[in-house]
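A quick write-up on the structure given underneath.
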Amino acid sequence: MAERSLTFAAGAMAGGLDAAGLPQGPDATWSGAAIDSRRIAGGELFFALPGEHADGHDFAAAAVQRGAAAAVVQRDDVDLGGGARIRVADTYEALHALTRAVRSEVPERLVGITGSAGKTTTKELLAAMLGRRYRVAKSPGNFNNLLGFPMALLGIPDDCQWMVAEMGMSTPGELAQVSRLGRPDVALFTNVRAVHLENFSSLDAIADAKSELLAGLSQEGLVVANADDPRVMSIASRYLERAEGGRVVTFGFGAGADVRASSVAPLADRGGDWRPGSRFQIEAAGERRTIELPIHGSYNVENCLAAAACAHALGVPLAEIAAAAADFSPSSMRGEIHRLEDGPTVIDDSYNSNPDAAAKALASARQLPASRHVAVLGDLLELGPDEGDFHREVGRGAAELGFAHVVAVGALSEALASGTAAAGGRATALPDAAAAADWLRSPEGLEGGPLGRGDLVLVKGSRGVGLEVAVRALLDAEPVDSEPVDAHSSQSADGGGGIG
């Protein structure tokens with residue numbers, strides 16, 4: 001991780017530096033940034049952000065005690081106990097000013113990824129593929145908003161050739177700001193789906209917000225676009241109309257895509273046992289390769305194809321792309337499969353959800369062999385006035401696929417369960433994740449008795465439902481201890497709750 005002086009940081013933020021308490025004084029260095037004092041590992045700048053429920057200034061002293069190089073503050077009444085401080089007019093604006101200053105130096109080039117679904121998996125796959133040829137950094141988790149992206153960029157090493165970064169939003173105009181901070185050389189669009197319609201009037205409005213990724217893209221940039229999504233292709237067309245020397249590379253399953261996938265099938269059994277994942281053919285520039293992607297869900301083929309199209313356009317041969325895909329492992333809570341010796345197979349897809357993702361997760365889970373298929377489905381949040389219809393449709397789909405039981409969890413569980421029942425399926429509606437965990441330990445109403453070996457349980461829901469509690473119940477793990485609220489409680493670097 002790169003080290004820069006406190007003097008550099010203060011200058012970039014137009015701040016006043018007081019480093020009298022440090023042996024090195026203003027020549028002392030910092031590396032990385034944090035807005036949560038609990039995430040201080042040592043050497044970071046701690047940005048004291050005021051918030052609706054908590055004020056980062058109240059945690060500035062704790063951050064310094066934990067090893068922060070300095071606290072960036074906008075108040076004069078903060079006692080750091082002798083630590084260094086940089087006094088600025090506005091800590092939020094200072095964070096962005098420093099991000100712009102560092103971005104002028106590193107990385108050499110940057111890929112920004114946006115879309116309604118698949119951003120994180122696409123980012124992880126692309127970083128692995130580019131890593132075969134280049135020195136690569138990536139944004140951690142889904143740090144993709146106006147707080148998360150700066151945290152990611154301020155922590156990358158100086159020799160980074162490519163950064164692969166998610167870029168998301170929760171309101172119109174936000175993604176344009178993130179894009180201008182990152183100034184991407186490549187803009188990758190995964191898809192536009194019916195996600196979080198509570199904040200937007202239509203799919204077209206979501207597409208318009210996604211197109212804001214182009215705000216920071218150079219006229220000579222590259223757009224990687226989903227050929228099977230007409231709204232994404234409309235964004236790409238608009239870029240070509242105004243770009244001078246820019247280009248578009250498309251990916252998809254149809255013959256018109258520049259990088260195409262075909263012959264998609266589950267990975268074959270080896271030694272009489274099934275393996276999660278998909279095998280498919282990829283074709284680009286007249287060359288064909290077989291890719292074996294060892295992560296659950298046929299929907300991840302599209303994510304892999306998006307990453308492959310981008311990597312290939314940036315100089316990575318198909319052979320190296322296939323090798324990177326074969327070595328790939330899923331991120332936590334994003335389709336992880338746990339095969340319990342004396343219990344059910346558990347698909348932990350609990351990180352987030354939306355109607356399209358839930359339908360695809362159900363279909364993929366149903367393809368796997370099991371004595372009984374059970375779905376634990378949490379609320380799909382921020383869908384606006386038609387949220388009940390969306391939930392009933394997901395419940396109906398689970399029944400039509402033949403799930404033995406559907407456990408609906410959350411405030412909208414009755415709507416989801418009613419959709420299952422209307423299609424002739426069995427369902428249980430529960431108020432929250434804790435109730436779901438209790439049900440899984442003693443599944444009342446599950447025909448055939450308790451869950452056991454040979455059964456399969458899919459767990460999927462929006463981030464706000466917290467279904468990881470249900471996964472822990474299935475895995476018989478100890479609960480995760482909660483931690484006290486810190487500054488990040490009101491302003492989060494993690495974009496998981498936003499549009500993405």
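Side-chain contact between L474 and H338 is absent, with no heavy atoms from C-beta onward closer than 4.5 Å. A 4.5 Å side-chain heavy-atom check between V457 and I347 finds every atom pair outside the cut-off. When side chains are defined from C-beta on, P172 counts as touching F200, because their heavy atoms get closer than 4.5 Å. With a 4.5 Å cut-off on side-chain heavy atoms, D90 and V88 do not count as touching. Taking the side chain as every heavy atom from C-beta outward, R66 and S37 approach each other to under 4.5 Å. Counting heavy atoms from C-beta on, the side chains of L175 and T114 come closer than 4.5 Å. F46 has its side chain out of reach of R39: every pair of non-hydrogen atoms, C-beta onward, lies at least 4.5 Å apart. Two residues are said to be in side-chain contact when any heavy atoms from C-beta on lie closer than 4.5 Å; C310 and V186 meet this criterion.
For the atom pair CG of D386 and CG of L383, the computed distance is 9.0 Å after rounding to the nearest 0.5 Å. The OG1 atom of T121 sits 6.0 Å away from atom CZ of F328, with the distance rounded to the nearest 0.5 Å. Between L125 atom CG and K123 atom NZ the span is 11.0 Å, to the nearest 0.5 Å. Rounding to the nearest 0.5 angstrom, the gap separating the CG atom in L362 from the NE2 atom in H373 is 10.5 Å. Atom CE in M151 sits 13.5 Å away from atom CG in N144 (nearest 0.5 Å). One finds the CZ atom of R396 at 10.5 Å from the CG atom of L416 (value rounded to the nearest 0.5 Å).
Judged by distance alone, with hydrogens and angles left aside, the side-chain atoms of S353 form no donor-acceptor pair with the main-chain N or O of G461 at under 3.5 Å. With hydrogens and angles ignored, the 3.5 Å screen pairs a side-chain donor or acceptor of S179 with a backbone N or O of G216. A donor-acceptor pair is defined here as one N or O able to donate and one able to accept, closer than 3.5 Å; such a pair exists between the side chain of K119 and the backbone of G115. In terms of modelled atom types and a separation under 3.5 Å, the side chain of E212 and the main chain of G173 share a donor-acceptor contact. Between the S413 side chain and the G410 main chain, a donor and an acceptor come within less than 3.5 Å of each other. At distances below 3.5 Å, at least one donor-acceptor pair connects side-chain atoms of Y239 with backbone N or O atoms of G221. A side-chain donor-acceptor contact under 3.5 Å links H57 to the backbone of Q74. With hydrogens and angles disregarded, no donor-acceptor distance shorter than 3.5 Å links the side chain of D349 to the backbone of K460. Between the side chain of S211 and the backbone N or O of D208, at least one donor-acceptor pair lies under 3.5 Å. Not one N or O on the side chain of W162 forms a donor-acceptor pair closer than 3.5 Å with the backbone of L130.
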Tell me, with the steps shown, if E174 and S170 meet side-chain hydrogen bond (donor to acceptor under 3.5 Å, both in side chains). CA-CA 7 Å; E174 183 178 358; S170 57; 3.1 Å; yes

Quick one: do L146 and L181 satisfy side-chain contact (heavy atoms from CB on, under 4.5 Å)? Show the steps, please. CA-CA 9 Å; L146 285 165; L181 283 175; 4.0 Å; yes

Determine, step by step, whether V346 and L475 satisfy the side-chain contact (heavy atoms from CB on, under 4.5 Å) criterion, reporting the C-alpha distance in whole Å, the side-chain angles of both residues, the deciding distance to 0.1 Å, and the verdict. CA-CA 8 Å; V346 180; L475 303 184; 4.3 Å; yes

Criterion salt bridge (charged side-chain N to carboxylate O under 4.0 Å, His left out) on D476 and R441, from CA distance to verdict: CA-CA 9 Å; D476 197 26; R441 294 186 183 100; 5.9 Å; no

If you apply the rule salt bridge (charged side-chain N to carboxylate O under 4.0 Å, His left out), what do you find for R463 with E382, and how did you get there? CA-CA 11 Å; R463 183 85 289 272; E382 299 179 15; over 6 Å; no

Give the C-alpha distance, both sets of side-chain angles, the deciding distance and a yes or no for side-chain contact (heavy atoms from CB on, under 4.5 Å) between F149 and L154. CA-CA 9 Å; F149 175 73; L154 293 175; over 6 Å; no

Pair C160-V106, side-chain contact (heavy atoms from CB on, under 4.5 Å): steps then yes or no: CA-CA 7 Å; C160 176; V106 293; 5.5 Å; no

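Taking all atoms of both residues into account, the shortest heavy-atom contact from A370 to D455 is CB-C, 4.3 Å. Contact record, R372 with G452: NH2-N, 4.4 Å, taken as the closest heavy-atom pair. Of all heavy-atom pairs spanning I291 and A325, the tightest one is CG2-CB, 3.8 Å. Between L467 and G378, the shortest heavy-atom contact is CD1-N, 3.4 Å. E292 approaches P294 most closely through the heavy-atom pair O-CD, 3.4 Å.
Between R334 and E468 no salt bridge is recorded (no basic side-chain N to carboxylate O distance below 4.0 Å). A salt bridge is absent between D348 and R339; no separation between the charged side-chain nitrogens and carboxylate oxygens falls under 4.0 Å. Note on E387 versus R392: no salt bridge recorded, every NZ/NE/NH1/NH2 to OD/OE distance being 4.0 Å or above.
The number of heavy-atom neighbours closer than 6.0 Å to CZ of R426, taken from other residues, nucleotides and ligands shown, is 12 or below. The environment of CZ in R238 is crowded: more than 12 heavy-atom neighbours from other residues, nucleotides or ligands sit within 6.0 Å.
Remark: the H405 side chain and the T428 side chain contain an N/O donor-acceptor pair separated by less than 3.5 Å. Remark: the T120 side chain and the E166 side chain contain an N/O donor-acceptor pair separated by less than 3.5 Å. A donor atom on one side chain and an acceptor atom on the other are not found under 3.5 Å apart for T99 and R103.
Note: Y92 and H96 have tilted aromatic rings, judged against thresholds of 30 and 60 degrees for the angle between ring planes.
When each of V224, N226, V223, L188 is checked for a side-chain contact (heavy atoms from CB on, under 4.5 Å) with V232, only N226 meets the rule.
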